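Just so we're on the same page: letters track the sequence lines, and every chain starts at 1. Since the model is a prediction, treat every value here as computed from it, not as a measurement.
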Amino acid sequence: MTNTEPSRLSRVRALWELAAASFRRQLRYRVAIVATMVTNVVFGLVRASLLLAAVAGAGGMIAGYDALQASTYVWLGQCLVGVIPMWASSELAQRIKAGDIAVDLLRPVPPAGGWLAAELGRAASALLVRVAPMLALGAITTGLAIPGHAGDWLLGLLSVALAVTLAFQGWLLVNLAALWVLEVRGYLNLYMIVMNLLCGLFVPVSWFPDWLYAITLATPFPSMFQAPINVVLGTGSPWLALGVQLAWVAGLGLATQVVLRRGLTRMVVQGG
Amino acid sequence: MAIIETSALTRDYRRRRGTLRALDALDLSVRAGEAIGYLGANGSGKSTTIKLLTGILTPTAGTVRTCGLDPVPARRRLARRIGVVFGQRSVLWWDLPLWDSFAILAAMHRLPEGVWRPRVAMLVEELALGEFLAQPVRELSLGQRMRGEIAAALVHAPELLVLDEPTIGLDVLSKNALREFLQRERNERGTTLFLTTHDLGDVQRLCERMVIIDHGRAAFDGTAADLARVTGAERVLVADLAEPVDSLDLPPGARLDAVEAAGHRVRLSFRPGEVSAAALFASVAGQARVDDLTLTEPAIEDLVARIYTRSAE
């Protein structure tokens, strides 16, 4: 038996396989995809009409958004709802509680890396099925102000990947509380409310009152949803948005590593 | 060479009131290539031992080496050299075809195509997975899934295969097929088997050595024959007869315990070392027509009780 350290490339292949597996998993549930798409469409139409009414009521412009930009914000957002994990999922907490985390620990891949790879694969499949129908619907119903440059879309895609990573890290941190407490659903729901509000899901974060806007900018939440929309819309510097996202990914990445290490050590040391 | 070596291995769990000693100064040495049956009732310390051996639990005291490694700090390195099958958990990707799980695991273990494809082809052949390779794991029967789980644990050709209650809930045919496969894997590749179960049948057919654990301590370590000698454990054969009988002539080592159902059912005890189940059945069948029969192994709890009674004498 040889124990040579395998190459970096083969490490990437393992994570790639995990992401690809997760991608394929999602696409197996066709009926579920159709159901979420229908929900997405209805939700998008409701949001678009609310925002357009607000813009019209404010005299045609709110915080730099005119009617076309507001509806573009809505439909780009609809491309991302379900791509970026927005709803509370206690899957990992349940794996911890049921002891199935043992299976993850007995695999020769770092657990957080494996989970993130799976999340990115899932997000990619969700993005694939959403983008074309949502943008088409938006173009037909309200019209869209979207970039023509391939480069803008590429930056947007990069920003989406960072947003998914960041949102995943947030959920991971809350789920990891299960290593200390028995029941995490309350924390997950509280986190979901705060995250959904501050990430820019309901209205663009720049519409917030000044005090809330200031608080919001000090959190990672706008980088989870508003940032990729801004990058595609061309609101502000895309490089600044990407830089802020990257900084948050690094910060939360470090935090999850610390929490995971402490939590696993505790589990390994105390049992259960 | 010892593939598993523990010395005074101890593990306590903190409970609301005091501590619970799940494993109490276990000394265990398993040679590479051995097949060891690790038996115990529920809560006896079997799972704790597995967690300590695989590095997902830290010992409270004592030492453990698996494949020469200290399991907790070397957990991921160890994961490349051992395979673990949990009867009650799944390592497979639930909603993907069974084949995909093998491909993903091969990538996780960083195996080149030229290594894992022939290996998986061999496992598919030996465990007869061919007809449901393309089916999502969630659609498989328990027996099919367990065969898949065992193949998954063996994709990377581990030196040590740890099986945690692998036959729980399986029917007799599936159990036999699994046991035969594990026997072959061991003969051909020298894979060490560490099997925990509370089914004595599993162990008797697969393992030449058994360790019985009770309240965190090894109550017995030896061969099946040793166990029968130490405990005098008897197996029980119950036969349903077409015509009623009052009594039977039995070979030495067998005893008629009871005649029930107005003579239509006989309950016989016999010592495994003295008379075989086949010989006893032949003897009964020579005296009456047998409609049905069941064979009961002694329960682990009874064996443990006998071991203690014996050592107290």
Part of L105(B) within contact of chain A (heavy atom distance under 4.5 Å): side chain
Residues, nucleotides or ligands: over 12 heavy atoms within 6.0 Å of W16(A) CH2: no
Part of A22(B) lying under 4.5 Å from any heavy atom of chain A: neither
Least distance between heavy atoms, P110(A) atom then R76(B) atom: CG-NH1, 3.6 Å
Residue R117(B) excluded, over 12 heavy atoms near CZ under 6.0 Å: yes
Distance in Å, I56(B) CD1 paired with D104(A) CG, rounded so as to fall on 0.5 Å steps: 10.5 Å
Flag if over 12 foreign heavy atoms under 6.0 Å of OH, Y187(A): no
Heavy-atom closest contact (A21(A) atom, I104(B) atom, distance): CB-CD1, 3.2 Å
Closest approach of R28(A) to P136(B) (non-hydrogen atoms, all atoms of both residues): NH2-CG, 3.6 Å
Check residues 248-264 of chain A and write down every donor-acceptor pair under 3.5 Å in which the side-chain atom is one partner and the other belongs to a residue at least two apart or another chain.
| from | atom 1 | to | atom 2 | distance (Å) |
| --- | --- | --- | --- | --- |
| T256(A) | OG1 | L252(A) | O | 3.1 |
| T256(A) | OG1 | G253(A) | O | 2.8 |

Residue part contacting chain A, namely of T48(B), when any heavy atom lies under 4.5 Å: neither
Exceeds 12 heavy-atom contacts within 6.0 angstrom, atom CZ of R65(B): yes
Chain B contact via R25(A) - side chain, backbone, both or neither, heavy atoms under 4.5 Å: both
Structural part of V91(B) lying under 4.5 Å from a heavy atom of chain A: both
Interface residue of largest heavy-atom contact number with chain B, from I101(A), L15(A), V103(A), L105(A), under 4.5 Å: L105(A)
Spatial distance of atom CG (D100(B)) from atom CZ (R24(A)) [nearest 0.5 Å]: 4.0 Å
Nearest-0.5 Å distance that lies between atom CZ in R75(B) and atom CG in L106(A): 7.5 Å
Side chains of Y29(A) and D95(B) in contact at under 4.5 Å (non-hydrogen atoms): yes
Minimal non-hydrogen separation, M108(B) against A14(A), with atom names: CA-CB, 3.7 Å
Other residues, nucleotides, ligands: >12 heavy atoms within 6.0 Å of E131(B) CD: no
Axial cation check for W93(B) ring with R107(A), 6.0 Å and 45° limits: yes
